[in-house]
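Okay, structure first, notes after.
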Amino acid sequence: KAGVTQTPRYLIKTRGQQVTLSCSPISGHRSVSWYQQTPGQGLQFLFEYFSETQRNKGNFPGRFSGRQFSNSRSEMNVSTLELGDSALYLCASSLAVAGPTDTQYFGPGTRLTVL
Amino acid sequence: AQSVSQHNHHVILSEAASLELGCNYSYGGTVNLFWYVQYPGQHLQLLLKYFSGDPLVKGIKGFEAEFIKSKFSFNLRKPSVQWSDTAEYFCAVKSGGSYIPTFGRGTSLIVHP
C-alpha cells in the first residue's frame, strides 16, 4: 500500500506570494492533518480534515487555509507569505474510525523557503 | 490544554551505549501515547504506541517505552544504540478523546560510531 505523498517536495517563494501544497493520503484513510515543523517549535498542528470538512483547527492565522476533496486528497494554502512561514509542512493521514487510538502516518513533507 | 515536554533537546552517545529519552505530559486523564522517529532526510515514522494494557511497550528496531501513569511519563529506551539510530525523536500524546496528538519539541540524537 502506498504511503502518504506530498507535492511538491521543495518550494521557494518570495514574501507576499501565496502557495498551495498537496497531500494524498494512504488509500482508505479519511482524515488528513497538516503540521508545520520548525527547528525551534517542533510540530505544530495546523488543521485536520475529515470527509471534506475541517474538524479541528490549530492556532494559526487565517492566511493558512485548507480543503479536502471527495477522494480524501487535501490541499493547504498559505497566502501573503512571510519569512516566518519557512518550514517543513507535514501531512498525516489516519483511518479516523477509532478516534483517539487512531495512528497517524506522515508524508515526507514539503520544504517551503520564503525569501 | 495538553502539553508535552521532552527535556533532552540534544543527546550525543557512542555506539553500544544505553538510551533513555524523557517524555512528560500534563493531562491527567486517559491518554494515548506515541513515539515517532525522523531519520535525516526521511519522513516521520511510528516507533511505538501505547493505548492500554501492559505499560511496557515494544516497538520497532529494539526500542521500548514505559508508561508510568503516576509520573505522567512515557520514556523511550534502547539498551544499545547504533550509529543508524541517529535521528530526531518525537513524543506525542492524545488526551481527553482528542483526535489530534500534541507533539513534544523533539530530541535530536547523535550516535558516534
Side-chain angles (χ1 to χ4, degrees), chain A residues 2-7 9-10 23-26 29-51 53-60 66 68 87-111, chain B residues 1-10 21-25 27 29-53 57 59-60 65 67 74 87-109:
Chain A
V4 178
T5 58
Q6 292 186 245
T7 57
R9 294 291 311 277
Y10 302 92
C23 171
S24 292
I26 292 171
H29 284 196
R30 300 163 66 189
S31 167
V32 174
S33 297
W34 289 90
Y35 294 85
Q36 182 192 66
Q37 184 181 6
T38 56
Q41 300 295 321
L43 274 81
Q44 294 188 287
F45 172 69
L46 281 154
F47 28 66
E48 184 231 1
Y49 286 86
F50 176 77
S51 291
T53 301
Q54 188 181 89
R55 187 165 62 175
N56 291 281
K57 188 178 188 304
N59 190 26
F60 276 80
Q68 187 181 34
L88 181 66
Y89 289 88
L90 297 174
C91 168
S93 75
S94 69
L95 281 169
V97 294
T101 58
D102 273 333
T103 298
Q104 290 188 319
Y105 295 89
F106 285 81
T110 294
R111 172 74 63 185
Chain B
Q2 176 69 266
S3 67
V4 179
S5 297
Q6 292 183 242
H7 304 293
N8 315 103
H9 298 298
H10 301 280
L21 301 182
C23 173
N24 288 91
Y25 58 92
Y27 182 74
T30 301
V31 290
N32 297 291
L33 304 160
F34 307 80
W35 273 98
Y36 284 87
V37 61
Q38 190 174 34
Y39 297 104
Q42 296 188 28
H43 61 276
L44 272 166
Q45 301 172 41
L46 181 69
L47 264 182
L48 47 80
K49 58 189 176 184
Y50 172 79
F51 295 154
S52 63
V57 293
I60 61 172
F67 169 51
F74 189 56
E88 188 133 15
Y89 292 81
F90 293 90
C91 178
V93 179
K94 286 189 188 180
S95 58
S98 172
Y99 286 79
I100 306 302
T102 300
F103 282 81
R105 292 193 176 186
T107 296
S108 173
L109 171 67

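Labels below follow one simple rule: chain letters A, B, ... track the order of the sequence lines, proteins then strands, and each chain is numbered from 1. On a predicted model such as this, the values are computed, not experimentally measured, just so you know. Just so you know, these numbers use all the heavy atoms, side chains as well, and skip hydrogens, waters and symmetry mates.
Looking at heavy atoms from C-beta onward, R55(A) lies out of side-chain contact with I100(B) at the 4.5 angstrom threshold. The closest side-chain heavy-atom distance from Q38(B) to L88(A) is below 4.5 Å.
With a 4.5 angstrom heavy-atom cutoff, R111(A) does not touch chain B via any of its atoms. The parts of L44(B) that come within reach of chain A are both its backbone and its side chain, each placing non-hydrogen atoms under 4.5 angstrom from that chain. Contact annotation for Q104(A): both backbone and side-chain heavy atoms come within less than 4.5 Å of a heavy atom of chain B.
Residues K94(B) and D102(A) share a closest heavy-atom pair of NZ-O, 2.7 Å.
To the nearest 0.5 angstrom, Y36(B) atom OH is 5.0 Å from F106(A) atom CZ.
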